Amino acid sequence: MHKLIENALYSLSDSFKRVDGIALENQKKVLDAFIKNRIALRHFAPTSGYGYDDVGRDTLNKLFADVFGTEDAIVSPHIASGTHALTIALFGLLRPNQTLLVATGKPYDTLNDVIFGENIGSLSDFCVNCVIVQLKDGLPDLAAIKAKISEVKPSVVALQRSRGYDMRPALSVRQIHEITEIAKQSGCTVMVDNCYGEFTEPIEPTFADVIVGSLIKNAGGGIAPTGGYICGRTNAIKQIEGRFTSPSIGREVGSYAGDYRLFYQGLFLAPHITAQSIKTALLFSQVFSELGYKTMPNPTDTVDDIICSINFNDEQKLIDFCKTVQSVSPVDSFASPEPWDMPGYNDKVIMAAGAFVQGSSIELSCDAPIRPPYTAYFQGGLTFEHGILALEACLRSLGIN
């Protein structure tokens, strides 16, 4: 093992203990929910047609609600991505001539057309106004949020927990709570994009009305093949389910001819897999910061998502880093990723994702928009050992032997 990695493992021992402690708390919470809901083999069976009385589907909803501490949930393989889940939630909660306030700066790239697109069925096309409160020094500006809520009187306040393609820390549950308290004083509905943040803390931000995420990130444990979740208060979920299928039937239909087992098993594994990813992110951050790169999180920080951001300040170095990550992937290691015009993004994007599940960000992967300061967003890792091997390869590619 490279000496830099050995030294980093020693330096991070206390941080790793903290991560393991959180994983244990979350594992108990998940196990208790499985026992409470009497999960059995019958819940894994596929269904067809309309899916009336689909016990696997309905019990999975209840299971997620219990794990996340909410009143109700929609969990489905028919949700194609985190962006799709957020879109369903926004269209369910908002009505024409109402205002959406995004309290955490510019939303993730793939939401831009969902909110502002022209003549494509966006929120803007349906006369929903959107106001963005910019971050202040990379953090939510509580005074500005409070002032803007008072001024524009939004119906929904949206928060993005993870950093997206910004060099800023992810939001902690405490920070989300502070914003939620401000919003609720004015009677706003609060929706949290919880992607990448699940199981990084012992609790989820369920004081919000709705939390939303993808199953090919933390909550799917690395084995859910697709899907997303929307958890929250019963009245909010009732509004949203009409847009998930149709207002006339809500969640009464929706079969799945595949096997539900992977969704249940993925949730059970999620606390452990998330901890593996966090340790990998901390290790990359520690080593690359020692090499003089600007990284986030700082190695001594608490971690509120699974991502390590590394500023390369050089386009080719960024591309080479992503190619190296791809080269140590278990799937498609021979492929060479190139920047391309990926649907939903404003810049060319390069993605290294040699994953068992296509695009799975809880598996060891890396992506980046091709724009200054040429920051790589590295995440995932089903095993910490894989993360160590990937880091060794990255050091070799930099000529550090």
Side-chain angles (χ1 to χ4, degrees), residues 1-9 108-109 162-168 196 276-299 305-401:
M1 185 184 296
H2 197 286
K3 191 65 176 178
L4 272 174
I5 298 177
E6 287 184 355
N7 292 339
L9 291 173
Y108 189 66
D109 291 39
S162 192
R163 68 199 66 185
Y165 282 154
D166 285 323
M167 195 68 172
R168 60 114 167 147
Y196 296 106
Q276 301 291 288
S277 296
I278 293 172
K279 288 181 180 181
T280 301
L282 286 171
L283 182 63
F284 268 73
S285 180
Q286 176 78 27
V287 170
F288 272 87
S289 65
E290 288 182 8
L291 292 172
Y293 295 88
K294 182 179 179 182
T295 66
M296 187 173 285
N298 293 319
D305 67 7
I306 63 169
I307 299 169
C308 173
S309 307
I310 307 170
N311 273 8
F312 285 95
N313 294 306
D314 183 284
E315 181 177 343
Q316 192 58 51
K317 284 185 177 180
L318 168 63
I319 292 172
D320 289 345
F321 175 80
C322 293
K323 288 178 181 290
T324 301
V325 172
Q326 182 75 34
S327 73
V328 291
S329 298
V331 180
D332 291 334
S333 61
F334 51 86
S336 181
E338 298 289 345
W340 66 299
D341 294 310
M342 191 170 177
Y345 292 84
N346 297 321
D347 301 278
K348 285 184 180 295
V349 175
I350 185 169
M351 287 201 167
F356 292 96
V357 174
Q358 186 186 70
S360 172
S361 303
I362 191 63
E363 298 185 54
L364 194 134
S365 55
C366 179
D367 55 283
I370 305 301
R371 64 187 182 217
Y374 300 109
T375 302
Y377 296 89
F378 174 87
Q379 65 266 321
L382 299 180
T383 71
F384 182 48
E385 293 78 11
H386 185 199
I388 292 173
L389 295 173
L391 182 52
E392 287 181 331
C394 290
L395 293 177
R396 287 194 299 272
S397 74
L398 292 170
I400 302 170
N401 298 312

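Note that the coordinates shown come from a computational prediction; the quantities given were computed from them, not determined experimentally.
Of all heavy-atom pairs spanning Ile307 and Pro297, the tightest one is O-CD, 3.3 Å. What you find for Thr324 and Ser327 is that their closest heavy atoms are O-OG, 2.6 Å. Taking all atoms of both residues into account, the shortest heavy-atom contact from Pro337 to Met351 is CB-O, 3.3 Å. Taking every heavy atom of both residues into account, Gly387 and Phe284 meet most closely at O-CE1, 3.5 Å. Closest non-hydrogen pair, Pro330 versus Gly354, comes out as CD-O, 3.4 Å. Of all heavy-atom pairs spanning Ile319 and Ile370, the tightest one is CG1-CD1, 4.4 Å.
Counting only distance, with no hydrogens or angles, the side chain of Ser285 and the backbone of Leu282 share no donor-acceptor pair below 3.5 Å. Gln326 contributes a side-chain N or O that, together with a main-chain N or O of Asp332, makes up a donor-acceptor pair within less than 3.5 Å.
Side-chain contact between Asn311 and Met296 is absent, with no heavy-atom pair separated by less than 4.5 Å. For the pair Arg163 and Met167, the minimum side-chain heavy-atom distance is 4.5 Å or more. The side-chain heavy atoms of Ser397 and Phe321, taken from C-beta on, include no pair separated by under 4.5 Å. Residues Glu392 and Leu395 fail the side-chain proximity criterion, which asks for heavy atoms closer than 4.5 Å.
Here the CG-OG1 distance, from Leu364 to Thr383, works out to 8.5 Å after rounding to the nearest 0.5 Å. Summarising the geometry, atom OG belonging to Ser277 is positioned 11.0 Å from atom NE2 belonging to His386; distances are rounded to the nearest 0.5 Å. For the atom pair CG of Leu291 and CD1 of Ile400, the computed distance is 4.0 Å after rounding to the nearest 0.5 Å. A distance of 9.5 Å separates CG in Asp347 from OH in Tyr165, rounded to the nearest 0.5 Å. Atoms CD1 and CD, from Ile306 and Gln276 in turn, are 12.0 Å apart once rounded to the nearest 0.5 Å. Put simply, CD1 on Ile388 and NZ on Lys279 are 9.5 Å apart, with the number rounded to the nearest 0.5 Å.
When only modelled atom types and interatomic distance are considered, Gln286 and Asn7 share no side-chain donor-acceptor pair under 3.5 Å. Using modelled atom types, one finds no donor on one side chain facing an acceptor on the other under 3.5 Å when comparing Asn313 with Tyr293.
Counting non-hydrogen atoms of neighbouring residues, nucleotides and ligands closer than 6.0 angstrom, the CD atom of Glu290 exceeds 12 such neighbours. Other residues, nucleotides and ligands place no more than 12 heavy atoms under 6.0 Å from the NZ atom of Lys294.
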Please assess Ser289 against Asn298 for the test side-chain contact (heavy atoms from CB on, under 4.5 Å), listing each intermediate value before the final yes or no. CA-CA 8 Å; Ser289 65; Asn298 293 319; over 6 Å; no
Let's go through Tyr345 and Trp340 carefully: what are the C-alpha distance in whole Å and the side-chain angles of both, what is the deciding distance for side-chain contact (heavy atoms from CB on, under 4.5 Å) to 0.1 Å, and is it a yes or a no? CA-CA 10 Å; Tyr345 292 84; Trp340 66 299; over 6 Å; no
Could you walk me through whether Phe288 and Phe378 satisfy the side-chain contact (heavy atoms from CB on, under 4.5 Å) test, starting with their C-alpha distance in whole Å, then the side-chain angles of each, then the deciding distance to 0.1 Å, before giving a yes or no? CA-CA 12 Å; Phe288 272 87; Phe378 174 87; over 6 Å; no
Decide side-chain contact (heavy atoms from CB on, under 4.5 Å) for Leu391 and Leu4; before the verdict, give the C-alpha distance in whole Å, the side-chain angles of both, and the deciding distance to 0.1 Å. CA-CA 10 Å; Leu391 182 52; Leu4 272 174; over 6 Å; no
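Partner of Asp320 under the side chain to side chain donor-acceptor pair (under 3.5 Å) criterion, chosen from Lys317, Gln316, Lys323: Gln316.
Outside the 6.0 Å centre-distance limit, the rings of Tyr196 and Tyr108 are not counted as a close aromatic pair.
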